[in-house]
Amino acid sequence: TVPDRIRNFCIIAHIDHGKSTLADRMLQLTEVVDARQMRAQYLDRMDIERERGITIKSQAVRMPWSVREGDLAGEQFVLNMIDTPGHVDFTYEVSRSLAACEGAVLLVDAAQGIEAQTLANLYLALENDMTIIPVLNKIDLPAAQPEKYAEELAHLIGCDPDDCLRVSGKTGVGVAHLLDEIVRQLPTPGAGSGDGTARAMIFDSVYDVYRGVVTYVRVVDGRLGARDRIRMMSTGAVHELLEIGVISPEPIKSDGLGAGEVGYLITGVKDVRQSRVGDTVTINAKPATEPLGGYKDPKPMVYSGLYPIDGSDYPLLRDALDKLKLNDAALVYEPETSAALGFGFRCGFLGLLHLEIIQERLEREFNLDLISTAPNVVYRVIMEDGKEHAVTNPSEFPDGKSSNIFEPTVRATVLTPNDFVGAVMELCQGRRGSLQGMDYLSADRVELRYTLPLGEIIYDFFDQLKSRTKGYASLDYEPSGEQQADLVKVDILLHGEPVDAFSSIVHKDKAYNYGVTIASKLQKLIPRQQFEVPIQAAIGSRIIARETIRAIRKDVLAKCYGGDISRKRKLLEKQKEGKKRMKMVGRVEVPQEAFIAALSTS
Ligand code: GDP
Ligand code: MG
């Protein structure tokens, strides 16, 4: 297809504003999927995505469209729709998907108005110089206020309220008109440089059990032919092309992809790390010299220890992580041992949702029962002797004098109704946030911009925000570097022995609170022993909080009054079994359940 017959677009929206439903209607209208094959959210392929109603991995679909109305009526075009992941953890992948398109449909729920992810995605689209088509969705809802939100949207992007299209992804109203407008308003992809070298950008890379890695690309210059050997520009690795084609909605082989086109390629590599999002593909025989811009290595932002509840599942957990890694270039892990939890892995994630997704897939697809330690961020610690450490596990925070500690920060955007501005500010300030700016989007809705430590928002920030605003506020954030902070490591000691799973790095003003909370929690959860057990919270050698588990004399045999031997034996066996799931911390026996309970509620 020649570039001026191609339109590449994506749909950007806040979660639940109806992106997947609208995409479904487009697939139907363009007859790429017929009504018989249609199932809701056709593009959300992973089970977990369907159940949670979120899109994790983007997909690209080619749709033929014959314009219905106006001057171009009857003319044939090819529309490539690229479905972007909608969540903050995947900002980089979103930005690559956007970079593969010339334009974006900015979809806003006509009963909700603009939300934080609407803004975050819009800003990303504007940074990529994309053409924006503003669209109000769900106009079939009785609660829809298209006039009001058209004003808001027009104000935001600087257009006329009448330029905002109105559709219903549910009933299909306005969707054909939207497809016509995509053809009319979006720029053509451009023919690329004419020097004969080829460049294509990878915007997604998915592991498939049968076919190996399927790589999604947007060709920017030249042409990738089915017989070419390709080269990945970030690594120089050369691969044979086994197959190249387009998705519509199933893969269709072709003899190549030209400038402006979007499609997939298969090389037989088995690991998405060899085919990375953001990388540039060129032809080995006649390589381009400069890669396309914007390549970044995925960088884990949040770490957590994952442990099998049943220690004998450890090899299963290792195999499961090895498998998931094939499909997830951002997942990192290494073995670690915890006195409290046994053998496990320290895993790095892009963010909290990423962590939850991996944990859920391990439990669901691999049948593992897991316990995870409280998530933490990565700290950069510079010691007085100038040595630098990147700390991904709080219990490994270096002893000795540090001169500087840096923590990662985020730029957060909160959208809230006017009434809750005070509550949101209080929350953000309590989390060491600093206000960067505040704007009224309309008379009753406010955008607040904060810089916050990432470590302060990965722990129940979103829940707090929702409960303080009766569910009305929305949040988006992106990494914004690091800042120096007064942080200390708080250790929790049981009978003088540190319990590694509870070590935490906290701001010095919050250390006391953390210590008291964990100590009193453990005091309630750990059964009495035959001797008195102190639980202490300490910063270095300084004790900041203390609780005590009083001693009992737990001699079960004493209850048997001599006589009954078989009953005695049964009791002994029972006691032995119970001990299996006990962990020894120094001299103290702790049921694993106590650790699990303390971690899950903390
Ligand atoms: P996404 O998170 O943006 O992909 O949103 P979905 O497409 O999954 O839709 C979220 C919810 O809104 C689902 O329950 C849909 O059935 C519903 N929905 C989507 N579009 C419409 C619409 O046009 N009208 C109505 N009434 N509901 C819609
Ligand atoms: Mg969706």
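Whatever order the structure lists them in is the order used to number ligands and atoms, beginning at 1.
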Within-4.5 Å side-chain heavy-atom neighbours: Gln436 and Ser434: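 A side-chain contact under 4.5 Å exists here.
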
Residue pair Tyr450 / Arg431, side-chain heavy-atom distance below 4.5 Å: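 No. Closest side-chain heavy atoms not under 4.5 Å.
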
Using a 4.0 Å heavy-atom cut-off, which part of [X] comes near ligand 1: side chain, backbone, both, or neither?
X: Thr21; result: both
X: Asn137; result: side chain
X: Ala13; result: neither
X: Lys170; result: both
X: Leu141; result: side chain

Side-chain atoms of residues 291-302: list all donor-acceptor pairs with protein atoms under 3.5 Å, sequence neighbours left out, distances to 0.1 Å.
from: Tyr295; atom 1: OH; to: Asp297; atom 2: OD1; distance (Å): 2.9
from: Asp297; atom 1: OD1; to: Arg276; atom 2: NH1; distance (Å): 3.2

Ligand 1 to Gly18 polar contact by distance, N or O atoms, under 3.5 Å: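 Yes; the residue has a nitrogen or oxygen that sits under 3.5 Å from a nitrogen or oxygen of the ligand.
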
All salt bridge (Lys or Arg N to Asp or Glu O under 4.0 Å) counterparts of Arg449, not counting sequence neighbours: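 Partners of Arg449 by the salt bridge (Lys or Arg N to Asp or Glu O under 4.0 Å) criterion, ordered by chain and then number, come out as Asp439, Glu447.
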
Proximal ligand 1 atoms for Lys138, defined as those under 4.0 Å from one of its heavy atoms: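 Those atoms are 11 (C), 12 (O), 17 (C), 18 (N), 19 (C), 20 (N), 21 (C), 22 (C), 23 (O), 24 (N), 27 (N), 28 (C).
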
Element-labelled atoms of ligand 1 that are located less than 4.0 Å from some non-hydrogen atom of Asp16: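 With Asp16 as reference, the close atoms of ligand 1 come out as 1 (P), 2 (O), 3 (O), 5 (O), 10 (C), 12 (O).
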
Pair Asp444, Asn418: side-chain N/O donor-acceptor within cut-off below 3.5 Å: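 Not at all, the side chains of Asp444 and Asn418 share no donor-acceptor pair under 3.5 Å.
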
Aromatic ring pairing Phe203/Tyr216, orientation class (parallel under 30°, perpendicular over 60°, tilted between):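 Answer is tilted, since the angle falls between 30° and 60°.
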
